[in-house]
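Both ligands and their constituent atoms are indexed starting at 1 by order of listing. Not measured: the values here are computed from a predicted model.
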Amino acid sequence: MNHKQDKLEAPERIKELNPAATLMRIGLKENDVLCDIGAGTGVFTVPAARITKNKVYGLDNDKDMLRIIKQKAETECLKNIELIEVEGEHFSLPDYIADIVLMVTVLHEIENSQEFLAEAKRILKNGGKIAVIEFHKWQTPKGPPPGHRISKKEIISRLYNAGFAVWEDFDLGENYNCLIFKLNSPA
Ligand SMILES: C[S@@+](CC[C@H](N)C(=O)[O-])C[C@H]1O[C@@H](n2cnc3c(N)ncnc32)[C@H](O)[C@@H]1O
């Protein structure tokens, strides 16, 4: 385990994010395609691949992270996980492929989130959802300094500019919130 993996898989983080239950709450169903953008070590990618029989795409710009997910998928014989290395802000995926696009504690790390969100929109099916999990904007026991976090208002504004409206909003423990978006006016 490297330091990044230690942090992402800290038991208290997993307990709070509760990935399988959160994916169900977001609405992941057994035939859905899910794209986990900034998948890290697969904290959500792997449980998603146990819930749906369809494809789960794990995207990250860090090859080491993708390698960790690959090992986990092999250990569990999860054949529905496909891993994609992100270069720049482009996702190597066809248009309208995902029922759910998931971004867990990644949006605050993205410099050009406009292009990133345009890509998320491009790969989303009509009627699909984008789920964004981020740290609360205020100081909490875990997470980056508040100045590096993005507020709910800011997330909603960025998604609104990309063509999305809030569908659901809930907290995950004392550190995180989850916002679910749908297209404002599906084409
Ligand atoms: C804080 S980690 C979260 C990982 C995972 N979503 C989780 O919650 O366990 C953020 C991840 O986003 C990835 N990332 C950062 N910028 C990215 C980009 N432009 N494209 C794709 N992945 C990115 C990082 O490599 C890292 O694995």
- Message: Between the side chains of K29 and D99, is the shortest nitrogen-to-carboxylate-oxygen separation below 4.0 Å, so that they form an ion pair?
- Response: no
- Within a reach of under 6.0 Å around OH of Y160, are more than 12 heavy atoms found that belong to other residues, nucleotides or ligands? no
- Query: So, does N80 use its side chain to make a donor-acceptor pair with the main chain of A49 at under 3.5 Å?
  - Reply: yes
Sequence neighbours excluded and cut-off under 3.5 Å, please list the side-chain donor-acceptor pairs for residues 18-28, or say none.
from : atom 1 : to  : atom 2 : distance (Å)
T22  : OG1    : L17 : O      : 2.6
T22  : OG1    : N18 : O      : 3.0

Protein N/O near ligand 1 N/O, under 3.5 Å, which pairs?
from     : atom 1 : to   : atom 2 : distance (Å)
ligand 1 : 6 (N)  : G38  : O      : 2.7
ligand 1 : 6 (N)  : V104 : O      : 2.9
ligand 1 : 8 (O)  : R13  : NH2    : 2.8
ligand 1 : 9 (O)  : R13  : NH1    : 3.0
ligand 1 : 16 (N) : N61  : ND2    : 3.4
ligand 1 : 22 (N) : N61  : N      : 3.3
ligand 1 : 25 (O) : K4   : NZ     : 3.4
ligand 1 : 25 (O) : D60  : OD1    : 2.6
ligand 1 : 25 (O) : N61  : OD1    : 3.2
ligand 1 : 27 (O) : D60  : OD1    : 3.4
ligand 1 : 27 (O) : D60  : OD2    : 2.7

- Task: Output every pair passing salt bridge (Lys or Arg N to Asp or Glu O under 4.0 Å) with a member in residues 68-83, not counting sequence neighbours, ordered by first then second residue.
- Result: E9-K72, R50-E76, K55-E82, K70-E74
- Message: E109: which residues meet the side-chain hydrogen bond (donor to acceptor under 3.5 Å, both in side chains) condition with it, sequence neighbours left out?
- Response: none
